[in-house]
Enquirer: 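The structure that follows is given in the form of structure tokens.
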Amino acid sequence: LSAEEKRARMMEIFYETKDVFQLKDMEKIAPKEKGITAMSVKEVLQSLVDDGMVDCERIGTSNYYWAFPSKALHARKRKLEVLDSQLSEGNQKYANLQKSIEKAKVGRHETEERTMLAKELSSLRDQKEQLQAEVEKYRECDPQVVEEIRQANQVAKEAANRWTDNIFAIKSWAKRKFGFEENKIDKNFGIPEDFDYID
């Protein structure tokens, strides 16, 4: 049985008997009368309680479950009222949109002039795209872009010289502290012979 079929059969038990049950009662009745496995009774019952189709009340240490046909009828009526209200709102929105469309259509009839203007607009848009592509090609010649590159180069040069300073300082410290020869330091740390500041 599918989950929906189990739920429907479980509801039949409540509606046919119009009685109140404990879980253990349902676990006996449901398999015999409705073919719902005892293992799934609790899960199906809980899903019906969660959806508000079956009422549950704890009395002492036991849970009692019930559902009367009148409750289902009232729930359906409420749902129908909500759906009617939503439908009415939807119809109103649709009518308003139709009015807006009709308003927007005024003065927009297809004429020879309008067709010509639409073609011209399309042609101008194509032209604009071509010009933008052309401008993009020569972007690196833009004085502002060149200046930005120049400034970025200056920052990079200063950073490189700062690190060169740091390397010379560490080499000097290592020579003083450990008595290393400069060429050995350069060789061990992969520092080229012509290593120097960038002009």
Enquirer: For residues 24-48, which residue pairs pass the ring-ring contact (aromatic ring centres under 6.0 Å, His included) check, not counting sequence neighbours?
Expert: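 For residues 24-48: none.
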
Enquirer: Does the Ser100 side chain pair with the main chain of Asn96, one donor and one acceptor, at a distance under 3.5 Å?
Expert: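 Indeed, once roles are kept as given, a pair shorter than 3.5 Å links the two residues.
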
Enquirer: Could you check whether any side-chain heavy atom of Lys99 comes within less than 4.5 Å of a side-chain heavy atom of Tyr94, counting everything from C-beta outward?
Expert: no

Enquirer: Ignoring hydrogens, what is the shortest heavy-atom contact between Ala30 and Ile13? Give both atom names and the distance.
Expert: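 So the minimum-distance heavy-atom pair works out to CA-CD1, 3.9 Å.
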
Enquirer: In Å and rounded to the nearest 0.5 Å, what is the CG to CG distance from Leu124 to Leu117?
Expert: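 With rounding to 0.5 Å, CG (Leu124) is 10.5 Å from CG (Leu117).
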
Enquirer: Which pairs with one or both residues in residues 115-127 pass side chain to side chain donor-acceptor pair (under 3.5 Å), sequence neighbours excluded?
Expert: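 Pairs touching residues 115-127 that pass the test: Glu110-Thr115.
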
Enquirer: Say you draw a straight line from NZ of Lys93 to CD of Gln86; how long is it, rounded to the nearest 0.5 Å?
Expert: 9.5 Å

Enquirer: Nearest 0.5 Å, what's the CG-CD distance between Asn183 and Glu181?
Expert: 5.5 Å

Enquirer: Give the intermediate values and the outcome of side-chain hydrogen bond (donor to acceptor under 3.5 Å, both in side chains) for residues Glu158 and Gln154.
Expert: CA-CA 6 Å; Glu158 287 169 9; Gln154 185 59 34; 3.1 Å; yes

Enquirer: I'd like to know if the side chain of Gln46 reaches the main chain of Glu43, judged simply by a donor and an acceptor atom lying under 3.5 Å from each other, with no hydrogens or angles considered.
Expert: no

Enquirer: Assess whether a salt bridge exists between Arg7 and Glu4, defined as any Lys/Arg side-chain N lying under 4.0 Å from an Asp/Glu carboxylate O.
Expert: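 Result for this pair is yes, salt bridge flagged.
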
Enquirer: Is there a side-chain contact between Val44 and Arg9, using heavy atoms and a 4.5 Å cut-off?
Expert: no

Enquirer: Should Ile149 and Asn153 count as side-chain neighbours, where that means a heavy-atom distance under 4.5 Å?
Expert: yes

Enquirer: To the nearest 0.5 Å, how far apart are CG in Leu131 and NZ in Lys128?
Expert: 10.5 Å

Enquirer: Assess, by modelled atom type and distance only, whether the side chains of Ser85 and Ser88 contain a donor and an acceptor separated by less than 3.5 Å.
Expert: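 No donor-acceptor contact under 3.5 Å links the two side chains.
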
Enquirer: Do any pairs count as a side chain to side chain donor-acceptor pair (under 3.5 Å) and have a residue in residues 18-33, sequence neighbours left out, and if so which ones?
Expert: Gln22-Ser62

Enquirer: To the nearest 0.5 Å, what is the distance between CZ on Phe21 and OH on Tyr64?
Expert: 13.0 Å

Enquirer: Of all residues at least two apart in sequence or in a different chain, which pass the side chain to side chain donor-acceptor pair (under 3.5 Å) check with Ser172?
Expert: Arg176

Enquirer: Do Val82 and Lys79 have side chains that approach each other closer than 4.5 Å (heavy atoms only, starting at C-beta)?
Expert: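 Not in contact.
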
Enquirer: By the rule that ILVMFWY residues connect when side-chain heavy atoms come within less than 4.5 angstrom, directly or transitively, which residues belong alongside Phe189?
Expert: Ile167, Phe168, Trp173, Phe178, Phe180, Ile185, Ile191, Phe195, Tyr197

Enquirer: With Glu147, which residues qualify under side chain to side chain contact (heavy atoms under 4.5 Å, CB included), at least two apart?
Expert: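 With neighbours one apart ignored, the set is Arg150, Gln151.
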
Enquirer: Which atom pair, heavy atoms only, marks the closest approach of Val41 to Met10?
Expert: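 It is O-CE, 3.7 Å.
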
Enquirer: Any chance you could measure Ile36, atom CD1, to Glu12, atom CD, to the nearest 0.5 Å?
Expert: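 Here the rounded value is 8.5 Å.
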
Enquirer: Hydrophobic clustering (ILVMFWY, side-chain heavy atoms < 4.5 Å, transitive) - are Ile59 and Trp66 grouped together?
Expert: yes

Enquirer: Under a plain distance cut-off of 3.5 Å, with no hydrogens placed, do Gln98 and Glu102 share a side-chain donor-acceptor pair?
Expert: no

Enquirer: Show the nearest heavy-atom pair for residues Cys56 and Tyr65, with the distance to one decimal.
Expert: SG-CE2, 3.5 Å

Enquirer: Compare every heavy atom of Met53 with every heavy atom of Met11, then report the nearest pair and how far apart it is.
Expert: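 In terms of heavy atoms, the two residues are closest at CE-O, 3.6 Å.
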
Enquirer: With heavy-atom distances below 4.5 Å as the criterion, would you say the side chains of Asp84 and Leu80 are in contact?
Expert: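 In short, these two side chains touch, coming nearer than 4.5 Å.
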
Enquirer: In the structure I gave you, are the side-chain heavy atoms of Leu23 and Lys42 within less than 4.5 Å of one another anywhere?
Expert: yes

